[in-house]
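Below, each value reflects all heavy atoms present in this structure, side chains not excepted, and no hydrogens, waters or symmetry copies. Computed from a predicted structure; not experimentally measured.
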Amino acid sequence: MRKVSSLLLSALLLAGCSDNGDPNNSKTSQKQDVKQIATESQISKGYYRTLLPFKESQARGLTSTNMASAYNGETFEDGLLTISQKVYSPDEYFYRDGQLLTKEAVQSYLEPQFTKEEIDAMDEDTRIERNAYANFGLNPSHKGETDPVKIARNSPAYLSHILEQDFYTAEDAKNDKLSGMTIGLAMNSVYYYQKEQYGEVYGQKLDPKISVSKGKEMADEILSRLRVKSELKDLPITFAIFVQSSAESIVPGRFIAYGTSEKGNNIKKWMSIDEDHILLPSVEAEKIDEGLNNNFKQFNESLNNYFPNFTQAIGSAHVVDKKISSLTISIPLDYFGKAEVIGVTQHIADQSKKYFDGLDSYEISVVDNNKPLALITKEKGSDQNIHIYQQ
């Protein structure tokens with residue numbers, strides 16, 4: 001991948017940032033009068049305190065549109081914070097949504113590399129829409145190919161989304177100086193395409209090993225682009241590779257590896273991450289924890305015996321180092337009144353204590369279609385909590 005000019009890159013990275021426009025801009029002037037503070041409350045040791053005043057991400061909103069599914073999007077964001085905690089301790093760092101990579105930059109990076117002939121064939125609006133002038137695309141070049149089937153086979157898009165998280169020490173926060181950064185790269189396991197506009201959607205499965213390899217190459221390229229800015233030259237920057245599940249899957253993808261660059265233009269060492277998300281009950285779950293898999297079946301049976309309109313609960317287990325660490329369960333329920341919801345929820349809470357007490361944490365949602373009725377949670381070292389939503 002080619003390197004880019006520092007002037008053009010800086011403009012793209014910071015385009016649209018309110019704090020980097022006209023020095024006489026009123027927003028910039030006001031910024032000097034706003035005291036930089038952090039939230040007093042910290043939900044637990046595993047959560048970062050957030051810097052105030054709140055600043056939304058420069059690429060806000062792209063996660064929901066770029067990820068293959070909501071399951072992938074939520075796990076990508078949450079998992080990236082967990083990886084960040086390995087590098088930037090919540091006891092020592094404050095958190096802020098990514099401020100450096102703008103929406104335009106992220107969208108430009110997700111494009112394929114364009115050939116000169118492809119750019120020449122675009123009209124002005126298309127060049128602007130696809131950021132062809134910058135031509136910073138990290139996905140493989142189509143090399144002039146326009147057949148969607150051949151593109152899917154020979155040059156599919158591996159990179160789906162980029163997410164930035166920023167971290168500050170207390171001292172650096174006073175001077176609005178960035179202390180560290182984590183960047184997540186969401187890679188595709190399936191490339192979706194259409195043979196014609198508004199036509200049927202097809203999926204081309206991608207080799208996960210190639211997706212991960214491409215992700216590591218892209219991390220080095222993004223790193224080299226960020227290092228162009230003087231304030232990022234020696235900044236610790238962590239990259240994490242996430243491989244999505246398919247759009248049809250009801251379990252999310254997983255993080256494969258992460259690495260930190262203290263300085264320089266490449267990640268010298270990647271750390272492997274042994275995690276996965278699997279369905280309960282399932283053959284996969286039985287291989288990992290036969291007892292828990294059987295307990296989940298008995299949990300379902302107890303719910304079937306309690307209320308006849310119940311179908312079946314579906315569980316998603318988070319597996320870390322070959323061990324199930326947490327469980328997320330969704331329980332469908334036809335809503336017939338507050339008293340029934342309370343009764344059913346209390347029964348579910350009793351059964352979850354009976355069958356899942358050995359887990360560090362679990363979250364059980366009682367829902368009517370997509371409407372939440374109740375929530376039962378347990379965190380490591382804490383008692384079970386129950387919340388009934390007002391209807």
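- At least one side-chain heavy atom of Leu80 sits under 4.5 Å from a side-chain heavy atom of Gln165.
- Side-chain contact of Arg227 with Ser261: a donor-acceptor pair under 3.5 Å is present, judged by distance alone.
- From Glu363, atom CD reaches atom CG of Leu375 across 5.0 Å, with rounding to the nearest 0.5 Å.
- Residue Glu74 qualifies as open at atom CD: its count of foreign heavy atoms under 6.0 Å is 12 or below.
- Geometrically, Arg225 engages Tyr109 in a cation-pi contact, judged by NZ or CZ lying under 6.0 Å from the ring centre and within 45° of the ring axis.
- In this structure, Asn188 contributes its side chain and Ala157 its backbone to a donor-acceptor pair below 3.5 Å.
- Put simply, the side chain of Tyr48 gets close to the backbone of Gln85: a donor and an acceptor are under 3.5 Å apart.
- Counting only heavy atoms from C-beta outward, the side chains of Met181 and Ile183 approach each other to under 4.5 Å.
- In this structure, the separation between CG on Leu292 and CG on Leu359 is 5.0 Å, given to the nearest 0.5 Å.
- From Gln107, atom CD reaches atom CZ of Arg130 across 12.0 Å, with rounding to the nearest 0.5 Å.
- Counting non-hydrogen atoms of neighbouring residues, nucleotides and ligands closer than 6.0 angstrom, the CG atom of Asp383 reaches no more than 12 such neighbours.
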Test log, rule side-chain contact (heavy atoms from CB on, under 4.5 Å), inputs Ile329 and Leu280: CA-CA 9 Å; Ile329 304 173; Leu280 272 169; over 6 Å; no

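- Surrounding NZ of Lys338 are more than 12 heavy atoms belonging to other residues, nucleotides or ligands, all under 6.0 Å away.
- Here the side chain of Thr345 pairs a donor or acceptor atom with the backbone of Val341 at under 3.5 angstrom.
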From CA spacing to verdict: side-chain contact (heavy atoms from CB on, under 4.5 Å), Ile376, Asn385: CA-CA 6 Å; Ile376 304 168; Asn385 289 308; over 6 Å; no

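- Using a cut-off of 4.0 Å between Lys/Arg side-chain N and Asp/Glu carboxylate O, Asp274 and Lys322 are scored as salt-bridged.
- Criterion: ILVMFWY side-chain heavy atoms under 4.5 Å apart, direct or through other members. Under it, Phe255 and Met67 are part of a common hydrophobic cluster.
- Between the side chains of Ser352 and Gln384, at least one donor N or O lies within less than 3.5 Å of an accepting N or O.
- By the 4.5 Å heavy-atom criterion applied to side chains, Ser84 and Pro90 are not counted as neighbours.
- Asp350 has no carboxylate O lying under 4.0 Å from a charged side-chain N of Lys354, or vice versa, which leaves the two without a salt bridge.
- In this structure, a donor-acceptor pair under 3.5 Å is present between the side chains of Ser160 and Gln244.
- Under the 3.5 Å distance criterion, the side-chain polar atoms of Ser249 are left unmatched by any main-chain donor or acceptor of Ser246.
- Asn369 places no side-chain N or O within donor-acceptor distance of the main-chain N or O of Lys371, the cut-off being under 3.5 Å.
- Residues Leu206 and Val190 form no side-chain contact, since every pair of their non-hydrogen atoms from C-beta on lies 4.5 Å or further apart.
- Taking the ring centroids of Tyr168 and Phe94, they lie at or beyond the 6.0 Å cut-off.
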side-chain contact (heavy atoms from CB on, under 4.5 Å) evaluation trace for Val251 with Tyr71: CA-CA 6 Å; Val251 294; Tyr71 298 111; over 6 Å; no

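- You'll find the side chain of Gln58 stays beyond 4.5 Å of the side chain of Lys103, heavy atoms only.
- Under a hydrophobic clustering in which Ile, Leu, Val, Met, Phe, Trp and Tyr are joined whenever their side-chain heavy atoms come within less than 4.5 Å, directly or via other members, Tyr362 and Val344 fall into the same cluster.
- Taking 4.0 Å as the cut-off between side-chain N and carboxylate O, Glu231 and Lys229 count as a salt-bridged pair.
- To the nearest 0.5 Å, the span separating OH on Tyr192 from CD on Glu248 amounts to 3.5 Å.
- Across all their heavy atoms, Asn266 and Leu223 have their closest contact at N-CD2, 3.3 Å.
- Under the 4.5 Å side-chain contact rule for hydrophobic residues, Ile237 and Ile267 share a cluster.
- Cluster annotation: Phe136 is connected to Leu100 through the hydrophobic network of ILVMFWY side chains, with a link wherever side-chain heavy atoms come within less than 4.5 Å.
- Val320 and Ile273 fall into different hydrophobic clusters, where Ile, Leu, Val, Met, Phe, Trp and Tyr residues are linked whenever their side-chain heavy atoms come under 4.5 Å apart, directly or through other members.
- Ring geometry for Tyr93 against Phe167 counts as perpendicular: the plane angle is over 60°, on a 0 to 90° scale with 30° as the lower cut.
- At a cut-off of 3.5 Å, with distance as the only test, a side-chain donor of Thr238 or Tyr88 sits close to an acceptor on the other residue.
- A 4.5 Å side-chain heavy-atom check between Ser211 and Lys214 finds every atom pair outside the cut-off.
- Looking at heavy atoms from C-beta onward, Ile162 lies out of side-chain contact with Asn66 at the 4.5 angstrom threshold.
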Criterion salt bridge (charged side-chain N to carboxylate O under 4.0 Å, His left out) on Lys216 and Asp220, from CA distance to verdict: CA-CA 7 Å; Lys216 291 179 179 180; Asp220 283 344; over 6 Å; no

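- Rounded to the nearest 0.5 Å, atoms CG (Asp360) and CD (Glu379) are 9.5 Å apart.
- Side-chain N/O atoms of Ser302 and Asn305 include no donor and acceptor closer than 3.5 Å.
- Under the 3.5 Å distance criterion, with hydrogens and angles disregarded, no donor-acceptor pair is assigned to the side chains of Thr75 and Asp78.
- In this model, a donor atom of one side chain and an acceptor atom of the other lie less than 3.5 Å apart for Asn72 and Ser245.
- By the 30° and 60° cut-offs, the orientation of the rings of Phe299 relative to Phe296 is tilted.
- No side-chain donor-acceptor contact under 3.5 Å links Asp368 to the backbone of Asp334.
- Gln99 and Asp166 are not linked by any side-chain donor-acceptor pair at a separation below 3.5 angstrom, with hydrogens and angles left out of the test.
- Taking the six-membered ring for Trp and the full ring otherwise, the centers of Tyr95 and Tyr47 sit at least 6.0 Å from each other.
- Interatomic distance, CG of Asp321 versus CD of Glu275, reported as 9.5 Å (0.5 Å rounding).
- Counting only distance, with no hydrogens or angles, the side chain of Glu118 and the backbone of Gly144 share a donor-acceptor pair below 3.5 Å.
- With contacts defined as side-chain heavy-atom distances shorter than 4.5 Å, the pair Ile256/Trp270 does not qualify.
- Side chain of Asp123 to backbone of Asp125: a donor-acceptor contact under 3.5 angstrom is found.
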